[in-house]
Structure formats: structure tokens, C-alpha cells
Amino acid sequence: MPATEGNARGDRPDEARYAPQEIETKWAEKWVANPALYAAEPFDSGKQKYYVLEMLPYPSGALHMGHVRNYSIGDALARYMWMNGYNVLHPMGWDSFGLPAENAAIKNKRPPREWTLNNIANMKAQMKRLGFGYDWSKEVTTCLPEYYRWNQWFFLKLFEKGLAYRKKSKVNWCPECATVLANEQVVGGCCWRHETTPVEQRELEQWFVRTTQYADELLQGIEQLDGWPEKVRTMQRNWIGRSEGALVDFKLDGAAGAGGDTITVFTTRIDTIFGATSVQLAPEHPVTADLIGDDALKLAKLEEMLADQRKAKEIGDIGALEKRGFFTGRYAINPFNGEQVPVWVANYILMDYGTGAIMSVPAHDERDYEFAKKFDLEIRVVVLPRRESEPPAAGEREQPILPFSGEDSLLINSGEFNGLSCEQAQQKMAALAEEKGFGKATVTYRLKDWGISRQRYWGTPIPMVYCEKDGVAPVPESELPVLLPESVDITLAGGSPLGRVPEFVNTKCPKCGGPATRETDTMDTFVDSSWYFYRYTSPIDTAPFDSATANYWFAIDQYIGGVEHAILHLIYSRFWTKFMRDLGLIKNDEPATRLFTQGMVIKDGAKMSKSLGNVVSPDDMVAKYGADATRMYTLFAAPPDRDLDWQDAGVEGISRFLSRVYRYVLKNAKPSEANWNAAIPTELSPVARRVQRKLHQTIRRVSDDFGGRWHFNTSIAAIMELVNELYGAEERAKGELPLALLADVQKKLVLLLAPFAPYLAHELWAMLGEDADTLLRHAWPKYDSALAKEDEIEIVVQINGKVRTRLVVAADADETTVREAALNEEKIKTAMEGKQIVKVIVVLGKLVNIVVR
RNA sequence: GCCGGGAUGGCGAAACUGGCAGACGCAGCGGACUUAAAAUCCGCAGGUCCGAAAGGACUGUGGGGGUUCGAUUCCCCCUCCCGGCACCA
């Protein structure tokens, strides 16, 4: 091929081409040099505050498209609020403790700290290149002592208030992570980080945070969170799983064992207790072992049952397990009627819900019914459905279809409680149980206390000391932080790595001064993210944050992140907020008034992942199309709450659009001409008027989107329409637009673009003769409804709902005018020939529908 | 099984309170510019059928039914996809 490079870029001179790399790097440098641009003002600035927050990333090494989407939404909002005159806090930080750093350290033989800080540097550079407007003076890095010392401080406060405690219990263990997991971190029986690794149960001594203390308030609070997605609220309600019921003690006949002489059952239907024909224990229930003793046959059955359960848990299919059980040979006494009922062990009873024991009422519970049918246990009806047409006449009524679990019903076969409604019986029976001391009304939660101990190195050391003489003792506040030692052997081989560092482990007891050892577990990293957004407001040395400053900024006005944190992070941080409020540090009850969960970024129908090889790198996109185009595409391709299907060609389209805007302004920016800043003439040509109308309609649409549904895809489409109108006007009017209008429309176009394509907006703002350094503080354009109004509108004329013709009428034409105009249309007349008009419906501004027969 | 969300051209999507289905963009086709191409600009475009064309007819928002002058939108039933929960007593 002959060399024709001289013409490779066409005849157009180079400066007429949109060159995002040059524009963007130029402005990025300016922004780095002037951090005040994106800095929050002091809390006494007198301005209305707006706190916009995106979830902080884990510094894995590089940003992915999900981050870009998340931060593009937040940045657009922050810029919009700045332009609306708010004092905006828009911070960023690093959730930088955690396992991947340790794994990378093992692999690369470099300390986790180094790996982490390198990643942070890289990702921060990416963020700056992408042009996100963060207040870096507020940056929080959770793996640094200036941050984690406050985790330790909070831990001491929790301990002091009885909200942190140590307990030996069955805990979730991920063999891959070689550490314990909280309940929230177990997904379908597997580790949330290793989705195919089944979680094992281990008996370990662990630190717990008493989240259940606030269970009721966490549940109640959801009602007030009307700025949160309904989906998240439902998930949290389900997770907390409040259930009202009663505890009832069944005394064992005969000798008591290590597990005591009583089986306490939890039931939500104490009203059915006269129908209890057995007591069922969870296989792991402490009494189970007592009752079995050394009976080899029963032990074998129990073992089989446990193995079964383990397997089902691994597959994540507990619900589908076939019901199994066996009679222990012992009996327990129903305190309400003194009856002896057999005690069974059953695999459908969960040890970690309620008390791990139930009374079985086959007639009124589906699962009990199924079990009783299989093992031929007695089924006794004690509740009859109430029929409205017929007054109750117990005894004469037919059997309900079993199992019957309705509550609009009456008790029978229940001694002194016969004839009561279920609700009445529930209250009376619970009261009687309490009075006689064999039970009481109670509330159970599915929510468990938060196990925060982790047997890993790269986390916050738990500030506790063990002394042979004084037992468990907290490290005094004055000795904080307990520093995480450097250069530690962090192989995955059993036990906490900190336990292999004698200088760390061996210490003095704060009480007696004698030799003592430190706690070697570290904290779950969800502790870090439970309160990081408070520290953003004032990262100081003397406290986790300054209360006065936090009280100005809180609650967060808009929190934006992925829905995958609906339970984990968002429950923990709500708990932490309530705890800090009760400490007197803050006044707000909830961390964020509004929450937005953006959709995933997918490609070829699947979530982007290395294993599928469908990952699109933000760096590549920025290098090819620029940051503005990359960011804007993530906003344009789908509404932000829906999943986004990535298409490279789509970014190219946005790039083309930005280039179109650039070329238009390059050609039409004439700030040095005399009439540039003149008033816009009131009399405009039709072409000019169309442009002006479109401009005001566009301002309205974009402003409405920010204030409402956040459908930035339609905002951007509206701006595209405006630009198309401008090009169309150029064709039609050949430069006839008044200069003042041209100036006005271009300036406002640039302002509308500023939240979505900040680099280009700044470049064009300068080209229009304005001070680009103050663009972010320039007032958001306002629309004029009079100017946005159409003079004439097209009305559709239908006959029996089918469009027959269209006609143009004045926008303010009244109903009679429109009706007559429609009926006088030639096409309508011919179409109606021989037909009779039944009705004419006129919808002003829309259509006329003529109903004929 | 239960609770959410979704299904609209070849593709991403739009239609906000029932009122022109498919805005905007991608891919496609045609034209202009060019020796040619790229870039750019202008135009066409749901489907089927009739027509040389202008134009017209029918049909169309996962499927079936209903309410209404009128339904992508409201109601009932069903199918499929995605997410969450799942023996919670």
C-alpha cells in the first residue's frame, strides 16, 4: 500500500479533532495542583451541607468497571450538588485490611503492607485519571495505625458496655481462608469469598459483638429508612427475623444428665400445646447426648444424621432433607396437662434457632405432621377453624384438613382454655406459664451476635490481654494502638500468625504487672467499614472523629454502592451508628438517609470475571476513548439501578458524541465578538426559536432526572437531542442564529454536560471565554417554562382507537377547537362516511378519539 | 416453596400520572464530500402484505383472559430469566 500518511487524518486540521488524552491530562494536572476545588468547606461555612458517599473499595490492585460505574454516579451527583450551591463532602478511602493481601504476600514474598500501599497508589492514580472529584484531605486508609487504633478504642468501649464478650461456641470455619467467618459471611453454606468452599463448623473460643442488643431497634429503624431500596429493607427484615413466641419447660422424667433435667422449647403457637404429642430435639442439643448415653445403636443413628446434615449444608439444600428421627426412650412432662410425651431426636430441628428443641404438634404444623405420619406418632386436633356463618359449637364440628395452621379459630381438647380464640389462648397460656414458673412469652431473632475474631495476620489486633492471675484484661486506652508487628511469618499453617511472634504475644498484665499474653486474633474487616464514613468528616488524632463536625455532616445524604452489601456492611454499620449514638459521639440514629444500589456491570450475559475472560479494563478504555467517554458510557448504557450490559461499540458512540460537541463549540465559540454577551433578542426566527425551546426543554429534563429517578441514560439522551438540534439548525439557518443565543445555548450545554463529562466541560468552558477554575461553583442552569413551551403541537386523530391522521393545532387550543378541527379533516370525513358518531374523546395536547358505529 | 426485580426492533434501551410504541445510542442501508478509503455531514429504518412510486392495509411490547373509547402501563391466570431467603418451630 502506498504511503498516504499526509492525508491520514483527512483534510481537517488537527486542532479540530477531539483529543481526550491531551484535554484530560491537562485538566487532571490542574486539579491535582488545586485540591481546594473538591474540598469540603468547614462546617460553619453557613451553607447547606450535602454528604455524598460511595462505598470505599478494597485495594485489590486495579479498579474494575463496577467501581467506575459506582463512582461515576456519585461524582455526577456531587458535581450537580456543587453547582446547586451546596457544601459537598465527597470523600474516598481504602478498605485495606483483609485476606487477599496475605495471600499475595505468601505468593510474592513481600509484606502485606507493601503490597496494599502499592495497590492504593495505583488505584488512586486511576481515580485521578478518571477525574473523580474527591476531597483527598479526608482520605481514610483502614490498615494504618492512625485508623485502626480507633477500632481498638471502640472495642474497649464495647467491652466496657458489655457489648463485646468472649465465648466458646460452634463457629463457621472456611478452610480456604483458614479463619472463622461471621454468619453474614456464609452464603449458601459456603464462604462469601470462596463460593465453592463449604464452611465447616468448629468449636472455638471467639470474641463476639452483641448486635442482638440492638436487634429490635435495627428492625424498627427499617421503617424510617424510606430512602432505601425496598429490596434492601426486606432483606434486612428477613435477616433479623424477629419472631414472637413463648418458652415452655418440659421436665424430663427420671434422672437428669449433664444437660439438666429440663427441655426448654420455643414455640410461636403455645395455644396448640395441648396437641403436643412429642418433644423433638436437635441432634446437637446438649440433652440429646444425655438421653442416648452409650446406646450404640442410637449413637450410630445420631452420627448418620449429623453426617447427612453436614452434606446437605454443603450442597446448600437443607430444606430438601428427608425427615429422620428416633425415639430416645425417655419422656418429658407437658406442664399444661401433666401428660408424658416421648422425647425424639429429629434432623429438622435446628440447634441455632430458638432453643434447639420444639414441642411437636402434628395437627397444626406442616413439618410436625409430616414427621408424625412417617413415624406413626399421635395426631391430636386442638384447634378448629371458625366459621362465620355458624356460631361455634365445639364437638359437633368436622375435622379440619390437616395440618391446619390458621389462627382464626377456636380451641378444643385444651382443658380450661377450650373455646378461646388462638390469640386469647396465646396470651393466657404465656401468662399462666410465667406465673407458675415453667415458661414465659419471649421474642427470638434469627440475627446472631457478630463473631469478629479472625485467625489471620492482616487486620486490627484485638486489644486484650490474658493473665493467669487476672484472667481477661483490656489494654488501657493510653497504650493504644496495639501495633500490628511487621515481618511476620504468615503461612496458612494453623493458628493465628500473631501467635508466632513472641515479642508481640508476651506482655505484662495491665492489672497486676505480671507476665501475660496478648490476644492473637485480629478483627473482622467489617469492623473497619462500619464507621469509616464518620472518620471522613474529621480524621483527627485525639478521637475517632470530631463530634461537632460529624453532627454537621451526618446523616449521609446519599450512599451509593452494590447490593451485595445489603446484609453485611449495611447491618453492621447501622449497629455501629446506634452504638456510637449511645456513647454520645453522634446524634443521628441511622448512618444514611438515602441509599442507592447500582446494578452489576456484565458482559456477554455474565458478570465480568477473570475466569470467563470477559473483563473490560478501565485503563484500556481510558487510553482508547478517554475518561469522559468511559464514565459517560457507564451512565448512558442503562439506568443506574439496572444491570449494565457492556458493549465496546457503545463507548465509541459516546466518544463520537463528545467529539461532536467539541467540534460544534470549537466552531461556534466566539467570545471576543461584540454581541457575544448581549441580551438574547425577544423576536427570534423559527429556527432560532426551536433551538431555544429545545435548550430549555433539555435543562428541564436533566434537572428532573437529578431530582427524581436518576435515569441518567435519558438525561444524556436529552443532551444528545439538543446537540442534534444545534447541528440541524446549522443546516437550516446557515449561521443565522443570533450570536447572543448561540453563546447562551453553548454555555448552558456545557453546564449540563459538566456532571457527566467534567474534563470536556472544563475545556469547553474555557473556550467559551469563561473561567474554567470556577465551573464547579457556577450555578446550574435554570429553565424558563415559557421558553420551553411549544407554540404548536401535533394531535393524533383516531377512529375507534386507530390512528387515522394527525393535525397541528395551537398549543393552547381549547377542546371545542380541537374537536372541530379533527372532525373537519378530509381523511376523517371520508373514513366516517356512513358511520354514526357515538362519542368523541378529546385529550388536550394528545389526541382526539372518535368512537363510531 | 416464599419474597423481590425483569421479559419491548438485529443489539443497549425510551415511553414518569392509561393517550402517536420504539426517543437516544450501537450495528445496518442509502446519499454527500473524496481518485479511493477513513473521518465527517445528511437521510432511511419494528414486521408482513399491496403499490412502479407517493402512499396504504394488517399486525406488533413473553403467553392467555379481563376492565376501558383507548393498555407496554391497571386487574386475574400462566411461562421463562436474574437476585435473595429457604425445615426459623
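This one's a predicted model, so the numbers in the text were calculated from it and none came from an experiment. The analysis underlying the following values was restricted to heavy atoms, covering all of them including side chains, and did not include hydrogens, waters or symmetry mates. First the proteins, then the strands, lettered A, B, ... as listed; each starts at 1.
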### Query
For A:Ile719 and B:rC24, what is the distance between atoms CD1 and P respectively, to the nearest whole Å?
15 Å

### Task
Check the chi torsion on B:rG9 and let me know: syn if it falls within 90° of 0, anti if not.
syn

### Task
For A:Ile795, report the nucleic acid contact type (base, sugar-phosphate, nothing); a contact means any heavy atom under 4.0 Å.
nothing

### Query
Is A:Arg446 close enough and on-axis enough to A:Tyr353, meaning under 6.0 Å and within 45°, for cation-pi?
no

### Message
Over all strands shown, is A:Asn238 touching base, sugar-phosphate only, or nothing at heavy-atom distances under 4.0 angstrom?
### Response
nothing

### Message
When the P atoms of B:rC74 and B:rG19 are compared, how many Å lie between them, rounded to an integer?
### Response
11 Å

### Task
Determine: side-chain N/O of A:Arg663 to OP1/OP2 of B:rC41, distance under 4.0 Å, yes or no.
yes

### Message
Categorize A:Asp641 for me: base, sugar-phosphate, or nothing, with a 4.0 angstrom heavy-atom threshold over every strand shown.
### Response
nothing

### Message
Using a heavy-atom cut-off of 4.0 Å across all strands, would you classify A:Gly650 as base, sugar-phosphate, or nothing?
### Response
nothing

### Pairwise P distance, B:rG47 and B:rG22 [rounded to whole Å]
13 Å

#### Entry: Same-atom distance (P) from B:rA71 to B:rA86, integer angstrom
43 Å

#### Entry: Salt bridge present between A:Lys374 and A:Glu370 (N-O < 4.0 angstrom)
no

### Query
Under the salt bridge (Lys or Arg N to Asp or Glu O under 4.0 Å) test, which residues partner A:Arg380, sequence neighbours left out?
A:Glu339, A:Glu378

### Query
Given the C1' atoms of B:rG5 and B:rA57, what is the spacing between them in whole Å?
40 Å

### Query
Within the pair A:Asn849 and B:rG19, is there a side-chain N or O less than 4.0 Å away from OP1 or OP2?
no

#### Entry: Any A:Arg642 side-chain N or O less than 4.0 Å from OP1/OP2 of B:rA14
yes

### Task
Among residues two or more places apart or on two chains, list those pairs meeting salt bridge (charged side-chain N to carboxylate O under 4.0 Å, His left out) that have a residue in residues 228-239 of chain A.
A:Glu223-A:Arg237, A:Glu230-A:Arg233, A:Glu230-A:Arg237

### Task
Assign A:Gln280 to base, sugar-phosphate, or nothing according to its heavy-atom contacts below 4.0 angstrom with the strands shown.
nothing

### Task
When you get a sec, tell me which of B:rA89, B:rA14, B:rA57 is the closest nucleotide to the side chain of A:Ser243?
B:rA89

### Task
Under 4.0 Å between any heavy atoms, over every strand shown, what does A:Arg242 touch: base, sugar-phosphate, or nothing? Just pick one.
nothing

### Query
Base, sugar-phosphate, or nothing: which does A:Val796 touch, judged by heavy atoms less than 4.0 Å apart?
base

### Message
So, OP1 or OP2 of B:rG5: does either fall under 4.0 Å of a side-chain N or O from A:Lys231?
### Response
no

### Task
Between B:rC87 and B:rU17, how far apart are the C1' atoms? Round to whole Å, please.
45 Å

### Task
For B:rU67 and B:rA15, measure between their C1' atoms and round to the nearest Å.
22 Å

### Task
Respond yes when some side-chain nitrogen or oxygen of A:Arg700 is under 4.0 Å from OP1 or OP2 of B:rC16, and no when none is.
no

### Task
Starting at CE of A:Met65, measure out to CE of A:Met600 and round the result to the nearest 0.5 Å.
16.0 Å

### Query
Base, sugar-phosphate alone, or nothing: which one does A:Phe657 contact when heavy atoms must sit under 4.0 Å apart?
nothing

### Query
A:Glu366 near the nucleic acid: base, sugar-phosphate alone, or nothing, with a heavy-atom cut-off under 4.0 Å?
nothing

### Message
As an exercise, state the distance from CZ of A:Arg242 to CG of A:Leu219, rounded to the nearest 0.5 Å.
### Response
7.0 Å

### Query
Over how many whole Å does the gap from A:Met720 atom CE to B:rG12 atom C1' extend?
12 Å

#### Entry: B:rG60 and B:rG55, which share atom name P, separated by this distance in whole Å
24 Å

### Message
Taking the P atom in each of B:rG28 and B:rG18, what is the distance between them to the nearest angstrom?
### Response
40 Å

